[in-house]
Amino acid sequence: MAAASEPHGTRYDAIVIGAGIQGSFAAYHLAERGKDTLLLEQFLLPHSRGSSHGQSRIIRSAYPQQHYARMMPESYRLWQRLEARAGTRLYRRTGLLVLGAPGEPEFERWRRAAARRRGPVEQLDAAARRRRFPGFRPRDGGAALWDGAAGLLHADRALRAVQELFRRSGGTLRDGEKVLGIEPGALLAVSTSAGRYRAPRLVIAAGAWSSQLLAPLGLRLPLQPLRVHVCYWKEKVPGSCGLDRPFPCFLALGLPRAPHGIYGLPACEYPGLVKVCYHHGSPVDPDQRDRPAPGDRRPDVALLRRFVGCCLPGLEPEPALLETCLYTNTPDGDFILDRHPKHSNIVIGAGFSGHGFKLAPVVGKLLCELSLGEEPSYSTAPFSISRFPGALRAAL
Ligand SMILES: Cc1cc2nc3c(=O)[nH]c(=O)nc-3n(C[C@H](O)[C@H](O)[C@H](O)COP(=O)(O)OP(=O)(O)OC[C@H]3O[C@@H](n4cnc5c(N)ncnc54)[C@H](O)[C@@H]3O)c2cc1C
Ligand SMILES: O=C(O)[C@@H]1CCCCN1
């Protein structure tokens with residue numbers, strides 16, 4: 001059914017704010033369910049100012065938390081379905097090495113989770129790791145897990161594909177249109193820089209900008225936008241660390257000077273350049289992302305130099321390219337997927353804490369189910385707003 005133009009704003013069945021990967025998947029699921037859906041994006045698409053740009057994101061089943069591991073089989077299936085429908089390749093299998101040290105608490109958490117599930121994640125002894133992956137020279141006495149089905153997702157291409165399918169399912173995508181105000185109610189209203197729209201349900205998936213939209217709705221969530229440096233390192237031997245080489249994605253845990261972990265992916269978006277980054281950043285206003293504070297000496301880049309120099313002998317230990325991206329972190333690193341505590345027809349998807357891309361097909365489905373008032377396919381208890389009592393008090 002086409003959206004109806006009314007004196008108080010064009011009417012839709014659902015409005016989604018934010019055309020990053022989470023909002024785009026939420027909108028796609030709503031449109032697939034026959035809902036006349038409007039997806040609003042403040043920037044002209046494509047853009048690189050949020051969290052979903054670039055050409056590589058890790059996808060893995062290895063997860064220390066059950067609530068994510070349980071969603072991964074369906075997420076892989078939905079990515080496959082998207083590939084088939086869009087007729088484009090989004091997933092490349094590379095495997096994932098999880099590097100750590102026996103007895104180190106974080107690594108043990110991953111190891112116990114892998115053992116409990118008896119799934120696709122196996123232990124790798126030091127000799128096997130050296131033989132199969134000579135490009136890695138981890139610490140003495142180190143240990144490894146191997147997730148053989150893991151790989152990478154082509155992020156920009158995936159975002160384009162899901163937005164295209166959303167449109168093909170009858171959805172309306174309006175970019176370059178910033179949401180300026182939300183009036184709650186049974187039929188809520190959304191005002192933008194270019195118009196006014198009404199709908200009985202709203203999904204807010206505004207990434208690092210979420211707090212700006214939620215504060216006027218009485219909700220103060222502990223969301224911290226972080227500027228993250230994305231560093232690329234040149235192979236010493238051309239072609240040695242590409243997608244077709246025994247150079248998998250990796251995650252190095254429990255490093256004394258890098259408590260949040262260091263990760264990497266084979267050369268993919270730029271020929272000969274391997275992405276190796278620190279899984280953390282510095283607090284930032286998302287509109288000032290590209291203006292680092294004076295005196296910022298990039299301590300993350302310094303620790304990456306040391307890591308590359310000692311553990312990845314096939315790479316030049318100086319970054320060849322540096323880009324920026326945004327994380328939006330919660331204090332516990334878990335997502336927020338919930339209804340607004342006071343306005344139940346407003347659903348929030350936020351705080352993806354640097355690990356949300358792989359799960360976006362399932363996250364979008366959950367946001368769609370929550371906004372349709374249905375029982376979600378997976379328990380959303382770990383993602384609830386009530387785990388932040390301060391936010392609730394402010395809202396009610
Ligand atoms: C460097 C980096 C590496 C990562 N690596 C991985 C990985 O390996 N694996 C993995 O699974 N995940 C990874 N992630 C995390 C993943 O990319 C994010 O969790 C995900 O992209 C978050 O998507 P989003 O839709 O919430 O946010 P965004 O992509 O930022 O989308 C939010 C959108 O809302 C729009 N918006 C905001 N306010 C308004 C408004 N008022 N009006 C209209 N539009 C608005 C914004 O412009 C933006 O486009 C990584 C992230 C980064 C930055
Ligand atoms: O979600 C992931 O798999 C990665 C892990 C390392 C940091 C970035 N995100």
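Whatever order the structure lists ligands and atoms in, that order sets their numbers, starting from 1.
- K236 places a side-chain N or O within donor-acceptor distance of the main-chain N or O of P313, the cut-off being under 3.5 Å.
- Looking at D147 and P248, their side chains never come closer than 4.5 Å, going by heavy atoms from C-beta outward.
- Between H340 and H343, the ring planes lie tilted relative to each other; the angle falls in the 30° to 60° range.
- Follow the hydrophobic side-chain contacts under 4.5 Å out from V203 and you never reach L213; the two are in separate clusters.
- Less than 4.0 angstrom separates some heavy atom of L326 from each of these atoms of ligand 1: 53 (C).
- Ligand 1 places these atoms under 4.0 Å from at least one heavy atom of K178: 41 (N), 42 (N).
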Run the ring-ring contact (aromatic ring centres under 6.0 Å, His included) test on H355 and F335 for me, step by step, so that the C-alpha distance in whole Å, both residues' side-chain angles and the decisive distance to 0.1 Å come before the verdict.
CA-CA 9 Å; H355 65 110; F335 307 162; 4.7 Å; yes
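- Close approach to V230 involves these atoms of ligand 1, each under 4.0 Å from a residue heavy atom: 1 (C).
- Comparing W209, Y263, F335, Y278 by heavy-atom distance to atom 3 (C) of ligand 1, the nearest is Y263.
- Residue E41 holds the heavy atom nearest to atom 48 (C) of ligand 1 of all those in R174, E41, H355.
- No N or O atom of A208 sits closer than 3.5 Å to an N or O atom of ligand 1.
- Remark: R60 is positioned above the aromatic ring of Y63, its terminal NZ or CZ atom under 6.0 angstrom from the ring centre and at most 45 degrees off the axis.
- Protein heavy atom nearest atom 5 (N) of ligand 1, with residue, atom name and distance: R57 CD, 3.4 Å.
- Here F25 and F357 keep their ring centres 6.0 angstrom or further from each other.
- In this structure, atom 27 (O) of ligand 1 lies nearest to the protein heavy atom G207 CA, 3.7 Å.
- In terms of protein heavy-atom proximity, atom 23 (O) of ligand 1 is closest to S52 OG, 3.3 Å.
- We find that R245 and E235 are not joined by a salt bridge, their nearest charged nitrogen and carboxylate oxygen being 4.0 Å or further apart.
- Scanning the protein heavy atoms around atom 7 (C) of ligand 2, the nearest turns out to be H279 ND1, 3.1 Å.
- W79 and E83 form no side-chain donor-acceptor contact under 3.5 Å, judged by distance and modelled atom types alone.
- Within the listing of ligand 1, atoms 7 (C), 8 (O), 9 (N), 10 (C), 11 (O) sit less than 4.0 angstrom from a heavy atom of I58.
- Of all atoms in ligand 2, numbered sequentially from 1 with element shown, those under 4.0 Å from a heavy atom of Y327 are 7 (C), 8 (C).
- Close N/O approach between L251 and ligand 2 is not found [any backbone or side-chain N/O within under 3.5 Å].
- Of all the atoms in ligand 1, the ones that sit under 4.0 Å from a non-hydrogen atom of Q22 are 23 (O), 24 (P), 25 (O), 26 (O).
- For ligand 1 and I21, the ligand atoms under 4.0 Å from any heavy atom of the residue are 20 (C), 21 (O), 23 (O), 25 (O).
- With R60, H260, K358, H355 as candidates, the residue nearest to atom 5 (C) of ligand 2 on a non-hydrogen basis is R60.
- Heavy-atom neighbours of R109 CZ from other residues, nucleotides or ligands within 6.0 Å: above the threshold of 12.
- Aromatic ring centres of W146 and F133: separated by under 6.0 Å.
- Heavy-atom proximity to F352, at under 4.0 Å, picks out these atoms of ligand 1: 19 (O), 26 (O).
- Against a heavy-atom cut-off of under 4.0 Å, F43 is close to the following atoms of ligand 1: 47 (O).
- Residues F43 and W209 place their aromatic rings such that the two centres sit under 6.0 Å apart.
- Interface of I58 with ligand 2, defined as ligand atoms under 4.0 Å from a residue heavy atom, comprises 3 (O).
- There is a side-chain donor-acceptor pair under 3.5 Å between D334 and H67.
- Within the 4.5 Å cutoff, no side-chain heavy atoms of H154 are placed close to those of T88.
- The residue among G50, A205, C325 with a heavy atom at the shortest distance from atom 32 (C) of ligand 1 is A205.
- The nearest protein atom to atom 9 (N) of ligand 2, hydrogens excluded, is given as G354 O, 2.9 Å; this is a heavy-atom distance.
- When the options E177, Q42, H229, K358 are ranked by their closest heavy atom to atom 36 (N) of ligand 1, first place goes to Q42.
- The shortest side-chain heavy-atom distance between V16 and T37 falls under the 4.5 Å cut-off.
- Among protein heavy atoms, atom 34 (O) of ligand 1 sits closest to G18 CA, 3.1 Å.
- Protein heavy atom in closest approach to atom 40 (C) of ligand 1: V179 N, 3.7 Å.
- Neither the backbone nor the side chain of Y68 comes within contact range of ligand 2; no heavy atom lies under 4.0 Å.
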